Asks: 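This structure is in structure tokens; I'll ask about it shortly.
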Amino acid sequence: MTQQLQDEFDSSVENAEAWMKAIQERLSINDNTKGPRSALEARLRETEKIRDLEPEGMLKMDLILTKADAALHCVSEDEKHKVLSKLRHIKALWEETAIYITHCHSRIEWVWLHWSEYLKAQDEFYIWIHNMRVTLEPDIELQLGLKEKQWQLSHAQVLLNDVLNQSVLLETLLEEAASLFNRIGDPSVDEDAQKKMKVEYESIRKEAQNRVKLLEKITEEHKQYSANVNQFQSWLNGVTERLNCCIGEATKSSAEDSLKALKEIAKNIKNGAKKLKHLENQCADVIQNTSPLGAERLKDELDDLRKALEKLKLLSREEEQRLLKIQQSESAYKSQARQLEADIQEFRKDLQKLENDLDPGEGEKTEDELVAQWRKCNATRAVLAAEESKVERLKAQLKELLRFSQDVQPHADSVISVIRDYQSVKGKTSKMSADTETQLSRLFQNPLQSFERWKLTVQMLLETPEPALDQIEAALAESSQFKEKLMTLQLKKDLLNNILGEEKAKSFLEEVAEASKEREILHKSLLQSKSKLQNLILQHKDFDAAFAPLQKKLFAIKAKLDLENEPQPNLLGKKTQLQRLQMIQDDLAELAIQMEEVEKLVQSNATHRHEMNQLTSDIQALKRSLETMIQQTEEHVQKHWVFNDKLSDLQQWITATTEKIGSYQSADVKQGNESRVADLERWLAEFPDKEIQLHLVEAHGQLVMENSSPEETAHVQAELDQLKESWKSLKEMATGLLKRWQLNRPMADKKKITFVDSRHVSGPIFHCLDLNHKQEKTADGQRASSHSKLLHDFEEWLQGENTKLSKILAVNLSSTEEIKTRHKELEELQARVPDGQRRFEDLLHFHPVIGNSEDLEDLRYRWMLYKSKLKESMSSPITRSSEKPDRFRKKRSGGMCSFLHRVCWASLPLQLLLLFLLLLAFLLPLAEKTHSCTLANNFARSFNLMLRYNGPPPT
């Protein structure tokens, strides 16, 4: 046995080494980037084929590792060193081959992509050259005005910037061409092609620069003229504003100042006539480069300026005559206005002095300060009553000024302002007097209000079952303070009579006496509570010392349990997790024993009893959670073990069957004996059961992946995919052998066997048909009708059974009776399974050879999964209620055609969305004209792929 394993290992190593050397020879032949594009593409396809063979090499390496592992367990120590040496050698050779495959394919693919991207960029460059020539060929058009000329210049500058920006693309293209020429040596990227692109680019750049210079000159000339016109218009507006300031009664300056201003305005008007003449000469030059309509607008603009200047001259003469009349009445008005202002200032000073004396200051005041402030307010009110005559005198002086034509509004505002100040000081004095009286009353009431709040607090403190000692001590200190305050109020009887009056003062003193009596009663109660608390403190210390370690241990157990919520990567991890949970369960039991000892220290203390009850509740909740986790972990381990066992059995059967059928591939069927035919029929008869077992393995794999980590899920999925591939290969091999056997056997001797591939029906089901082909065609219609009826009846029966099972599992179990009821209902469903199996076998028996087999496949798979789900429910009475029947519904496996059909349907919305976005991207440039700033700014072509790679090759 040892020698056989050694030989198998050596044989697998030799085969793998020969295969790797053959791959390296093929790679060395294609490892070249020189030559035309067709040759480079051919080498790229060849390297892709070699790269696709890399999984085959990985399979060979896996086979070697398997053989090596088996050999290492059986050979001696000396032989182990040889096996390990060969294993290291073949691993190194495989790593070298894999790296060579990747590097060779990447190198050729990079050069091919580089060439393709260069050709795309080159085509876009020549398209840009053609578009720019079409844009720059027409002559410059005359524009309407400065704005249009600036737009025309801006458009030309955009074109020039586009041309200059294309130099970066040109340099990139030249660099890429030189790089490609060094790698491929193709004439399409030699120096002549590079010089041709440079010459065409330079011609476009010069033409764009000349156009920009000419447009800059025309635009600057018009811009200077427009600036001069705007400057003249601004001057004209300024002179007009200055003249308006001197016109009418709205002026605030004197008549003499207005006359001086009018003389200066007349001088400016004469200078404006010279400026207008200069503008007319400059306008003639601008009109030469302007469109006819624009020239007409320029002439109209000059005519408007000329008319405005003439109108300004006329207004200046009329205003000068009017101001001479106004100058005479100003002197009398000024003397009376000065006297009024002097009286207002003197009265305002007196009011300010009184207001300053009323300043109450910041911060809270004492009782003596409040009394002094109240007396000051009464004195100020008497002074303000005497100042009422000055207010009437100021009103009479203001009426005298109204006789003049000048504006007396400022003086009226001053009089109104000083009257408002008088009223403000008067109101402030009254308000301060009332506020002072209110503050004095509140000052006497504060001790009683504070005592009422303190009394409620103390009563609540005394009603508390276990008050705090520091709170009682603080209440006793406040009681002493209230005693002093209440005695002080009783000594201020005379002061209270003066401020509050005799009746209010008497009532207030009675309230103070009643409060003193209540304080004495509360003070005695606080002293009694303080004595009781001091006795209870000694009992609390022993309980706290024993209770704290229990809490710490409970928190530690909770932390350990929280760490076990993560999914485990494999079966070993799940078993280890189960052991850790059992250890945590032992720790929890030990904690319960310790709690029984601490409960002896709890006597009649309600706080201690509440803490112990809370801790017991936490432990019970933690215990239930731990039991649930242990049960779930045991289920996960059981499911994983069942999956591994069933997967291993099916893999061994597929391997053995593949080897047996493979031994008949090269044999001549005509020369075979009847025993081989019998063996082949026996193997083919096992296919339906094994395919059912394959779907069971898939269902168990799905259950394992639901409770595993992402790494383990990927591993299980890979094993399932590999199993499906092996199954598919085995079916294809069996199909080919059967067809070859049927073709070679004599028609009179062979028995017709129909093999239906799983790509069309649910698994390889073989039907034995009659020898008479004509009779079979006659019976097809009857079989199809019987099959449809049986299919419909069985589907309705299975749907009803599955609905009953889902309702049973959806009920939450809370008692033993409910568990027994569920088990009884499951047994009833299990008793009807043989009847369902008989119906399904009848359905398979009458299934026609030609028909829609996808419905039958789905129905068969649902029947198989229903039996699996029912069996699991029988073995585990407490089933999770959150499981849904859709979880066991099989996706249709209609082979490659059905798979492509599902992929196309799934990707159709995404394809439509991408197509719509691409259409919008191409329609955006059409919103502008053919030659616009949008296109010149490269916005439309920003959706095209460009060369962006500037580094070395990826190899």
Side-chain angles (χ1 to χ4, degrees), residues 234-269 311-360 377 380-432:
S234 300
W235 171 83
L236 192 61
N237 293 334
V239 174
T240 304
E241 289 179 1
R242 291 173 59 188
L243 181 60
N244 291 333
C245 292
C246 300
I247 294 176
E249 298 179 357
T251 181
K252 296 182 180 180
S253 60
S254 62
E256 184 178 359
D257 294 337
S258 299
L259 287 173
K260 292 180 180 179
L262 285 174
K263 291 180 181 179
E264 294 178 359
I265 290 172
K267 293 180 181 180
N268 289 335
I269 291 174
K311 183 179 180 180
L312 191 63
K313 289 181 183 179
L314 181 61
L315 289 175
S316 178
R317 294 192 196 100
E318 293 176 354
E319 181 63 18
E320 187 175 0
Q321 296 175 0
R322 187 183 68 82
L323 289 176
L324 292 174
K325 298 178 182 179
I326 298 175
Q327 190 175 8
Q328 299 174 359
S329 63
E330 288 185 353
S331 56
Y333 171 78
K334 289 181 179 179
S335 61
Q336 294 183 12
R338 284 195 295 269
Q339 181 64 35
L340 178 62
E341 289 295 331
D343 294 341
I344 290 173
Q345 293 298 329
E346 182 181 358
F347 186 54
R348 182 175 283 116
K349 289 180 181 180
D350 295 339
L351 291 176
Q352 187 66 34
K353 183 178 179 181
L354 291 174
E355 186 175 6
N356 293 336
D357 293 339
L358 291 176
D359 187 12
C377 289
T380 303
R381 291 168 67 180
V383 173
L384 289 173
E387 295 289 336
E388 186 74 23
S389 60
K390 291 184 179 180
V391 174
E392 296 298 330
R393 187 169 60 251
L394 290 175
K395 291 180 180 179
Q397 292 177 356
L398 181 61
K399 289 180 181 180
E400 291 293 330
L401 289 177
L402 293 176
R403 294 186 298 105
F404 297 96
S405 61
Q406 281 79 2
D407 184 16
V408 297
Q409 186 63 37
H411 304 292
D413 293 338
S414 298
V415 173
I416 293 172
S417 176
V418 75
I419 292 175
R420 286 178 179 174
D421 293 342
Y422 171 77
Q423 297 294 337
S424 175
V425 174
K426 189 175 181 181
K428 184 178 180 181
T429 303
S430 301
K431 183 176 182 298
M432 185 177 294

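Note that this is a predicted model, so its numbers are computed, not measured.
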Asks: Quick one: CD on Q345 to CG on L340, what's the gap to the nearest 0.5 Å?
Replies: 10.0 Å
Asks: Does any N or O in the side chain of S414 come within less than 3.5 Å of the main-chain N or O of P410, such that one atom is a donor and the other an acceptor?
Replies: yes
Asks: Does a donor on one side chain sit under 3.5 Å from an acceptor on the other, for N237 and E241?
Replies: no
Asks: Hey, are the side chains of K267 and K263 touching, using non-hydrogen atoms and a 4.5 Å cut-off?
Replies: no
Asks: For a quick check under 3.5 Å, do Q409 and D413 share a side-chain donor-acceptor pair by atom type?
Replies: yes
Asks: Between E400 and Q397, does the side chain to side chain contact (heavy atoms under 4.5 Å, CB included) criterion hold? Intermediate values first, please.
Replies: CA-CA 5 Å; E400 291 293 330; Q397 292 177 356; 5.7 Å; no
Asks: Please round to the nearest 0.5 Å and tell me the distance separating atom CD1 of I269 and atom CG of L312.
Replies: 4.0 Å
Asks: Heavy atoms only: give me the nearest N268-W235 pair and the separation to one decimal.
Replies: O-CZ2, 2.7 Å
Asks: How long is the span from the NZ atom in K399 to the CG atom in L394, to the nearest 0.5 Å?
Replies: 12.5 Å
Asks: Report yes if the side chains of K349 and Q352 come closer than 4.5 Å at any heavy-atom pair, otherwise no.
Replies: no
Asks: Output side-chain donor-acceptor pairs under 3.5 Å for residues 416-425, partner residues at least two apart or in another chain, one line each.
Replies:
unit_1 : atom_1 : unit_2 : atom_2 : d
Y422   : OH     : L384   : O      : 2.8
Y422   : OH     : E388   : OE1    : 2.7

